[in-house]
Amino acid sequence: MAYECILTESDGGVGIITLNRPDALNAFNQKLMNEVTDAVHKFEADDSIGCMVITGSEKAFAAGADIKEMASKNYIDVLKEDFITANWEEVSKTRKPVIAAVAGYALGGGCELALMCDFILAGDNAKFGQPEISIGALPGAGGTQRLARFIGKSKAMEMCLTGRMMDAEEAERCGLVSRIVPVGELRAEAIEVAKKIANFSRPITTLTKESVNRAFETTLSEGVRFERRVFHSVFAFEDQKEGMAAFTEKRKPVFKHR
Ligand code: HXC
């Protein structure tokens, strides 16, 4: 598939997807989201890739769904197409870790796409928001659900009901982003972090991601039980032997399953 709205590259075990519709601040039309989904599937299937980064430009991660494309649709259209978000969940279903590197605007579907990633690194100019209310709509790609789980009811409700944007500092304070990086360094830093993850034992990063995600899907006692079972299972892995041997031998581990 030749891409028109995204750029892809790989670097040291990292698959990088750059949203690239600069004239529309990376607003998502159907083509862009089909391309993101296709690229995610390809990186997921590529054994040389251990982690992905999704990013945009310094001005915009993405300004949301393409309002011009959406405007004339009617109820039957959106129902028939399972409009635009049907394939988005694929991003949240990846087994390999995905980092969102967000600079500039992450609005509406842009904020929702970032929320589907495993964590968000923010440029210091990042602005997050769910402004759908001001165009007579509401979040349609998990915004009301993921935002409420990640930052709590009060802030999520305020953002969804008023469309207020949140800057990077507020986003870090409330746990929406893992940390803030000067915008000029964001891309390089995200790739560096992703390379670090890609160099760990892949089966163990997969299990770690799955375990953290359990926290959002089950009770505490079931989640803790799941984690313990997974923890026990890694003692069957060569990479656990290597990791712990390397520590005692005061050397760097060389994981086999990368
Ligand atoms: C289509 C968009 C767009 C969008 C920006 N553009 N956002 N086109 N859909 N979501 C286009 C503008 O029309 C303009 O094109 C160009 O990008 C630059 O935008 P400006 O508005 O001129 O830039 P600026 O003044 O810097 O303002 C930036 C902005 C503003 C604050 C981000 O563009 C804005 O408010 N955009 C809409 C944000 C939004 O409401 N997002 C939620 C969408 S609904 P031209 O051709 O005029 O130069 C949504 C629902 C998701 O996401 C549900 C699941 C899919």
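When a residue number appears, it is its place in the shown sequence, counting from 1. For ligands, and for the atoms within them, numbers begin at 1 and follow the listed sequence.
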Identify whether the distance between the nearest side-chain nitrogen and carboxylate oxygen of [X] and [Y] falls below 4.0 Å.
X    : Y    : result
R164 : E170 : yes
E222 : R228 : no
R258 : D239 : no
E238 : K241 : no
K155 : E158 : no

(message) Just to be sure I read this right, does ligand 1 sit under 4.0 Å from the backbone of D23, its side chain, both, or neither, counting only heavy atoms?
(response)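 It is the backbone that gets close, since no side chain atom is under 4.0 Å.
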(request) Record the part of E112 in heavy-atom contact with ligand 1 below 4.0 Å; permitted values are side chain, backbone, both and neither. (result) side chain
(message) Can you confirm, on distance only, whether ligand 1 has an N/O atom lying under 3.5 Å from any N/O atom belonging to A141?
(response)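 Among all N and O atoms of A141, none is under 3.5 Å from an N or O of ligand 1.
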[X]: numbered ligand 1 atoms lying under 4.0 Å from its heavy atoms:
X    : answer
L107 : 32 (C), 38 (C)
D66  : 1 (C), 9 (N)
G64  : 52 (O)
P131 : 39 (C), 40 (O), 41 (N), 42 (C)
M70  : 44 (S)

Look at [atom] and find which of [options] reaches it with the closest heavy atom.
atom                    : options              : answer
atom 6 (N) of ligand 1  : G104, G142, A24      : A24
atom 19 (O) of ligand 1 : L25, I67, I135, I133 : L25
atom 43 (C) of ligand 1 : A71, A65, G108, G129 : A65
atom 13 (O) of ligand 1 : K127, K68, R21, K59  : K68

(request) Verify, without hydrogens or angle tests, whether N199 (side chain) and K195 (backbone) share a donor-acceptor contact under 3.5 angstrom. (result)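 Checked: pair present.
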Checking contacts now, so for [atom], which I'm interested in, is there any protein heavy atom under 4.0 Å?
atom                    : value
atom 41 (N) of ligand 1 : yes
atom 1 (C) of ligand 1  : yes
atom 25 (O) of ligand 1 : no
atom 48 (O) of ligand 1 : no
atom 52 (O) of ligand 1 : yes

(request) Starting from atom 7 (N) of ligand 1, locate the nearest protein heavy atom and write down its residue, its atom name and how far away it is, to 0.1 Å. (result)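 For atom 7 (N) of ligand 1, the nearest protein heavy atom comes out as A63 CB, 3.4 Å.
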(request) Would you mind checking which non-hydrogen protein atom is closest to atom 55 (C) of ligand 1, with the distance to 0.1 Å? (result) I84 CG2, 3.1 Å
(request) For N74, look at atom CG and say whether over 12 heavy atoms of other residues, nucleotides or ligands are found less than 6.0 Å away. (result) yes
(message) Using a 6.0 Å distance limit plus a 45 degree cone around the ring axis, check whether R149 lies over the aromatic ring of F216.
(response)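 Ring-cation test returns no.
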(request) Decide whether the shortest distance between a heavy atom of Q130 and an atom of ligand 1 is less than 4.0 Å. (result) no
(request) Give a yes/no verdict on whether any heavy atom in A137 is under 4.0 Å from an atom of ligand 1. (result) no
